[in-house]
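Structure, as structure tokens:
FYI, side chains are in, hydrogens and waters are out, and symmetry mates aren't considered; it's all heavy atoms of this structure. The sequence lines fix the lettering, A, B, ..., with proteins before strands; numbering per chain opens at 1.
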Amino acid sequence: MEYSVRIGGEAGQGIQTISSILGKVLVRTGFHVFTHQDYMSRIRGGHNFTQIRFADRPIACSRRQVDILIALDQQTVDVHRGDLAPDGLVIHDSETIGRKYDRPEFIDVPARRLAMETAGKRLMENTVAAGAASGMLRLELAPLEKLLSQTFAGKGQEAVDGNIAAARAGYDFVLNNCPRCAFTPATSEPPARRMLIDGNSAVGMGALLSGCRFYAAYPMTPSTGVLNFMAGQSRRHSLVVEQAEDEISAINMAIGASYAGVRSMTGTAGGGFALMVEGLSLAGMTETPVVIFVGQRPAPATGLPTRTEQGDLLYVLNAAHGEFPRVVMAPGSPEQAFYLTGKAFELAEKYQVPAVILSDTYLADAGWTLDGLDAARIEYRDHRLRADALERLERYQRHAFTESGVSPLAEPGASRHLVVTDSDEHDEDGHIIEDAATRIKMVDKRLRKKLPLIRAEMEPPRLYGEERPEIVLAGWGSNYGVLKEAVDELRERHSIAMLHWSEIWPLPATDRYDYLAVLRRARRTICIENNAGSQFARLLRSETGFQFSNRVNRFDGRPFLLEDMLQEVGKIIG
Amino acid sequence: MEYSVRIGGEAGQGIQTISSILGKVLVRTGFHVFTHQDYMSRIRGGHNFTQIRFADRPIACSRRQVDILIALDQQTVDVHRGDLAPDGLVIHDSETIGRKYDRPEFIDVPARRLAMETAGKRLMENTVAAGAASGMLRLELAPLEKLLSQTFAGKGQEAVDGNIAAARAGYDFVLNNCPRCAFTPATSEPPARRMLIDGNSAVGMGALLSGCRFYAAYPMTPSTGVLNFMAGQSRRHSLVVEQAEDEISAINMAIGASYAGVRSMTGTAGGGFALMVEGLSLAGMTETPVVIFVGQRPAPATGLPTRTEQGDLLYVLNAAHGEFPRVVMAPGSPEQAFYLTGKAFELAEKYQVPAVILSDTYLADAGWTLDGLDAARIEYRDHRLRADALERLERYQRHAFTESGVSPLAEPGASRHLVVTDSDEHDEDGHIIEDAATRIKMVDKRLRKKLPLIRAEMEPPRLYGEERPEIVLAGWGSNYGVLKEAVDELRERHSIAMLHWSEIWPLPATDRYDYLAVLRRARRTICIENNAGSQFARLLRSETGFQFSNRVNRFDGRPFLLEDMLQEVGKIIG
Amino acid sequence: MAETVDFEGQQPAWCPGCGNFNILKSFKAAMAELGLQPHELVVVSGIGQASKLPHYTMCNTFNGLHGRTLPVATAIRLVNHDMPVIAVAGDGDCYGEGGNHFLHAMRRNVNVKLFVHDNQIYGLTKGQASPTSGRGMVTTAQPAGVLLEPLNPVALAVAMDAAFVARGYAGDRLFLQELMAKAMRFRGFALLDILHPCITFNRLNTYRWYQERVYRISDSHDPSDREAAFRLALEFGDRIPTGVIYRNERPTLEELVPVIAGKDPLVHQPFSRAEAETELKRFY
Amino acid sequence: MAETVDFEGQQPAWCPGCGNFNILKSFKAAMAELGLQPHELVVVSGIGQASKLPHYTMCNTFNGLHGRTLPVATAIRLVNHDMPVIAVAGDGDCYGEGGNHFLHAMRRNVNVKLFVHDNQIYGLTKGQASPTSGRGMVTTAQPAGVLLEPLNPVALAVAMDAAFVARGYAGDRLFLQELMAKAMRFRGFALLDILHPCITFNRLNTYRWYQERVYRISDSHDPSDREAAFRLALEFGDRIPTGVIYRNERPTLEELVPVIAGKDPLVHQPFSRAEAETELKRFY
Ligand SMILES: Cc1ncc(C[n+]2csc(CCOP(=O)(O)OP(=O)(O)O)c2C)c(N)n1
Ligand SMILES: Cc1ncc(C[n+]2csc(CCOP(=O)(O)OP(=O)(O)O)c2C)c(N)n1
Ligand code: SF4
Ligand code: SF4
Ligand SMILES: [Mg+2]
Ligand SMILES: [Mg+2]
């Protein structure tokens, strides 16, 4: 059992209100929900939509086919009508969109009138629409009412009552006027308690639970959600959030904060990361732990600012002058985003390197249903030398040579020992040097010793599907969900599996799991990426020599929907 | 026949004066000269040196072994004595360095006293030293005197006379007091007229002859020489040079100038390039031709600011968000720097892409002897639409779709047609769009259509040595000279050749010259790079699958001298 | 001669009621008033709501990166000093991301006109504080309110000895048009900071808020008096002066750079390879 | 208690006779005078001759990137507001590459002390014009002389309403020490622009040039009077005032950010995973 609801309209019409109410109600009703957003770069007007797919089993992507289309304007009808399922329906308010449809699949819900009648507020037409959709789906009213009470509690009883009345009006209207509305999804009884969380919030939660105490950023889509999340947290937890004057400042602040002794982070998109490249190199040279969230969007330059792409992989891997190790994590879901953010903080501090969390707009905004997130699975170990432990040392050298290449990281000011570091090449004390011998030892320490140690901590890609597949769908980052569902669909007819990398760099070794063997054994290996340049395929070839037999690329700013993916793969495997 | 003269001392002691006089005199005397510099990042004090190697045949690198050491201070003696040839000599002024050496190889030239006696100026002790070295080498005095007249003409007759007298005093002193000074290099008779030119000047000359009209930069070693060169030219040619407030501004200025209708350029080092990454992406999206000079130096961060490295290859190749074509040239000598700068300008404008000239400190400062540079070999074609040709068009669209992907590039203001471009994804007119279809066509146009056309223009690597070698020494950029001489040395005993890439990206195809076949045929393929990460080797594997059998890396901030190279290669090939 | 209609461009994507519409109207009217044709001027903009302006009119356009309008505009003008060059930016664009370029553009005094649509907020990214946001303004990124001192661009420009410093207000359309025309006619770098309400995200600085405060500077003010200008510039609270605050005519950079001063624009100067080739001599 | 000798660091690599030596002396003496121990302060610097200072004394040191001292210093102070934080930079460092951070650091008013070694030239890169270089100064990169208006950091700081604005001179060592101590004792962001000759590259602004012009501001000047401060700040020619030019005490950012205002420094606040975990609730 599964259905998809799509809500379309102009920016500012309240798509977000309807979809967040509906999404949450569906989760609370016991469904697995997946939501995804398609927004233009404007505040009012244009054409946006949100899709809510739900089912009685875990789901991980969006479909093209729509069962219920909620059209807040005429354009939505025009653009999305073609995606309607054979028995799909369109909810619209003929008064608002200014046109009557004389066809059975069009359900005319007078949302504006009902909103005025019940709550006296035009604005509540969105709540009416949410109610109407709930009615079509024959959902219980109680979870919807409870959610509205919680959501509007802060705005007073009148707002709560008004919204509940509006929702009921929409619900009842559909029940009374739409005999065709016969969607009757089965729900689990009693509903399991589950979360609905998006990629950005998951990163924020991961950071919070990793002990991140300082976040500096300059707003940029799709990373602004992380900034907003952290700013919201800063009121309740001991976390300083600073909006910087630019991204250069943001990363230097994060590095300064880390030097001073706390875990710190910054976040941006590819274009803002361009301005952080200099700071990345500084973190590399001074061996200062720092976590950088990078939300990819279609580029070059400003590109398609509110859309999605995976075009920054090689850039993030190779950015910055000079050679130093970095960690790059590319989570495929909010769940992975949460745990990998934790791991990024842990590795950054343990090895004193910068760590990048490479996300994209699709993952940033996509809502996934989870049974829960296990905070305890995020390691939190303070790797810094502080107070007594530090004071007790006879001598302290910030960049002391050690077996592992990792030098003790001390909190400045916490003891009589000086903490000295430098962007110039330096000696163990942190002072400028120019001699060749020290330089060689420092490169060995920073790069050659640490890199293999970090590599050993990286998890190999995840195999999903056949254990010895003939066909491998390979991917990384946010394509996780759609690849997984594609495998589910194709498994009956094919020996197929997904190989998905979410821990990208240092590229995981093959000793624990020989993923190269899996690839080499397969008849067809298809690398699927949201970019034009097959960047991951080039990376894998450069590091392992392996070359995929086929490549699928999408670079129009949109994510792969399940049907698209099946079609593209179908072209190759027949 | 060949000799090496090394001049060492503190910063500010005048090493530069002595070496530039001596180098030029040797060239004018008919020798082939190679000079290279080793400087600290300080203005006074510390330890610097310059090496002048000369021979009766073309030479292309420095040697470790020194025949004449001119020690301006004690430290020079201590540091370089070990490199002295069996019959090598040390010129020093025991009064200046404060110590007398009672050994036959030490020639005590009272430079300071002679300077005071002849010219009344202590400062001229450097001219005395230059004279002394000329004496030891039994050079004619005339070229030296002529050079001094030319050099000091601007400072008046007194300065000319003083310098000539000082040089003569040094010259005579050695003739009279040093019976052991028996270097008698054979010169060509009459001397051929040759140039002595360094990498930075060659880039500047290439830019000037390519019609570069605008240069914006922020000072940064080792690129400052190009800025200074261009600034000097701006007085005589129609060229605007602007020192920007930062590198971000510099590249945006260069892009603005190019948009306005002239060829433009900027220059920096790896750290400054970090700040240009954002602008690089802008040039990619707006299809604005721009040439960027990047002088590599040891990093990360500030690193070793006055030293050399090849650590920025993958960074320059992958820098910037999004996917777009770029040209990367890595000249191996001033001659290549000159012609490849010309080619960078040509390709940048023809295909409307950014082009990078990737140099390094070693090449920037190294002086090579050339028979000449052929200005006519630098193509100059104005690819822009201007005045009448533009006015005659019925319609103009800056980003019009064409067969080749290249749209007409018009000068704004030159006609009634508007020239509109945008960092957002745009339509043919240059206006913002968000639809998938246009996006796809634009990516195809910018990236997929142009890239193969540019690739077809790239020259394959140069083979030097055996045509079907068993051993290949592979390299790129500034290692050209030392690899070439290493092959010369090793050819007698081995089937060996150099394969040198100076046109790096798009990686040249193999259709005109199948360099992969050469590599695959060889028994040993050794990739030699001035970095720790074997970046070129990784690039070649990523693009062709070929893996070198051996790698040699140097990353201590110093260039490979011939002996070092032979030793490293010797360890591998025996 | 062009009329306002010749400057009609694409349909704006701004929120209905946004102050940007009035600025756009003034812009088109001012260009027509000055007798310019669309192809005779270049508009350089950054990224933000403000920076979309060139698409909504007709002109040569370089719509570049967030914060980077001024370096691009500066170079265009140095290459072609016959062409009027206007830089359009938002307050975040120009005073936040692009703050350094702003400082140094004033020092350069290239004849570029800088129109900053100052809505005291980041509009396009949905309402974070900008450098000019008032203290205490609460946003999603500043839940405890803005804690930083707002930047006063006009006072800053006077301190930097910018050649022409003015403030306009989108609610006073005709005066704004007049100020735009004045800035265009001025020989040198001109800053015109234009206050305008962002009706969607800025709940503090509304039409009403501005209406109660904004006034036109009286004729008695002498814009060449730097101290008086500074005093006036500091006024930003219960009363907000609009008009020309400071003026200090001095040679522009184009008039000082030897290769172009008093000569043809660089883009129209001939390139002589032969002359360039002579430079090779010095290496022999 | 520490003495000046406790602040002896590595051997400076500056040119003998450089003005930086006096600044270093004043620095060490001021720190000793304030009763600080080397480990009790952090010095953040950029890249340039000036920025090598922390290596030549004893202190916790973050010698970062050219131009990026202030963001690093700001964050250090926000994380540990018990620790004195000094940012040392050159004029190119701070007003050129780092100009934007300079602007916004003044707005932030974090209690960081900014000491700018202002030699009106780029020293370490061998003598190009800096933002404060005088008009007409000829260098290899500016063969036609500097054509841009020099930036007046002190006037700029007054316009930005910086909390503490002073100018010192390396040739007046004791007064410089006094100004450093004053800046350190001040509660808030403090700019101390320190004039000093670069004897190798700056042939214009020599010891003698400064000596003839620099004077100490008389006691009658009221640094809390912003207009008077601006007037004084504009004086930079035949006479150059040194001393405290402007002072405007107001709460620092550390005193306004809720999580740290009046609380333990962030770095010493405990981290409670349990508390953080409660935030997961809202996603159910
Ligand atoms: C380097 C970079 N950082 C961040 C952004 C995201 N961004 C786009 S517009 C904008 C701010 C818009 O505010 P403002 O400049 O005041 O213009 P407005 O929309 O208010 O007119 C930001 C931060 C970007 N495009 N580039
Ligand atoms: C991003 C970047 N650009 C350029 C440089 C090169 N650089 C080093 S120091 C310096 C300027 C030095 O001038 P200033 O800041 O005034 O310091 P001073 O040496 O005069 O004390 C420059 C341009 C750099 N290190 N980093
Ligand atoms: S968000 Fe604000 S500035 Fe942007 S268009 Fe809407 S009202 Fe105008
Ligand atoms: S170059 Fe100038 S500033 Fe640098 S140390 Fe020498 S005198 Fe001082
Ligand atoms: Mg704004
Ligand atoms: Mg300086």
| Any chance CZ of D:Arg173 has more than 12 other-residue heavy atoms, nucleotides or ligands included, within less than 6.0 Å? | yes
| message | If you count heavy atoms of other groups shown closer than 6.0 angstrom to CD of B:Glu158, is the number above 12? | response | no
| remark: Hits for side-chain hydrogen bond (donor to acceptor under 3.5 Å, both in side chains) against D:Thr74, two or more places apart or cross-chain, chain-then-number order -> none
| said: Taking every non-hydrogen pair under 4.5 Å, which of B:Leu275, B:Val241, B:Thr306 racks up the most with chain D? | reply: B:Leu275
| message | For the interface with chain D, which of B:Thr302, B:Leu227, B:Thr221 has the highest count of heavy-atom pairs at distances below 4.5 Å? | response | B:Thr302
Gap between atom [atom2] of [Y] and atom [atom1] of [X] - 0.5 Å precision:
X: B:Asp246; Y: D:Asn100; atom1: CG; atom2: CG; answer: 9.0 Å
X: B:Gln243; Y: D:Ser133; atom1: CD; atom2: OG; answer: 8.0 Å
X: B:Met220; Y: D:Glu97; atom1: CE; atom2: CD; answer: 8.5 Å
X: B:Tyr218; Y: D:Thr125; atom1: OH; atom2: OG1; answer: 7.5 Å
X: D:Gln49; Y: B:Ile43; atom1: CD; atom2: CD1; answer: 5.5 Å

At their closest point, which heavy atom of [X] faces which heavy atom of [Y], and how far apart are they?
X: B:Ala231; Y: D:Ala141; value: CB-O, 3.6 Å
X: D:Pro12; Y: B:Arg42; value: O-NH2, 4.2 Å
X: D:Pro143; Y: B:Gly232; value: CG-N, 4.4 Å
X: B:Arg44; Y: D:Cys15; value: CG-SG, 3.2 Å

Segment of [X] engaging chain B (4.5 angstrom heavy-atom cut-off):
X: D:Phe201; answer: side chain
X: D:Leu148; answer: side chain
X: D:Leu124; answer: both

| task | With a 4.5 Å cut-off on heavy-atom pairs, point out which of D:Gly98, D:Pro16, D:Ser130, D:Ala13 contacts chain B the most. | result | D:Ala13
| said: Quick check for you: among D:Ala129, D:Gly123, D:Gly64, which has the greatest number of heavy-atom pairs under 4.5 Å with chain B? | reply: D:Ala129
| request: Heavy-atom distances under 4.5 Å only: say whether B:Glu247 touches chain D with side chain, backbone, both or neither. | output: both
| side-chain contact (heavy atoms from CB on, under 4.5 Å) evaluation trace for B:Thr224 with D:Gln128 | CA-CA 10 Å; B:Thr224 313; D:Gln128 302 79 24; 3.3 Å; yes
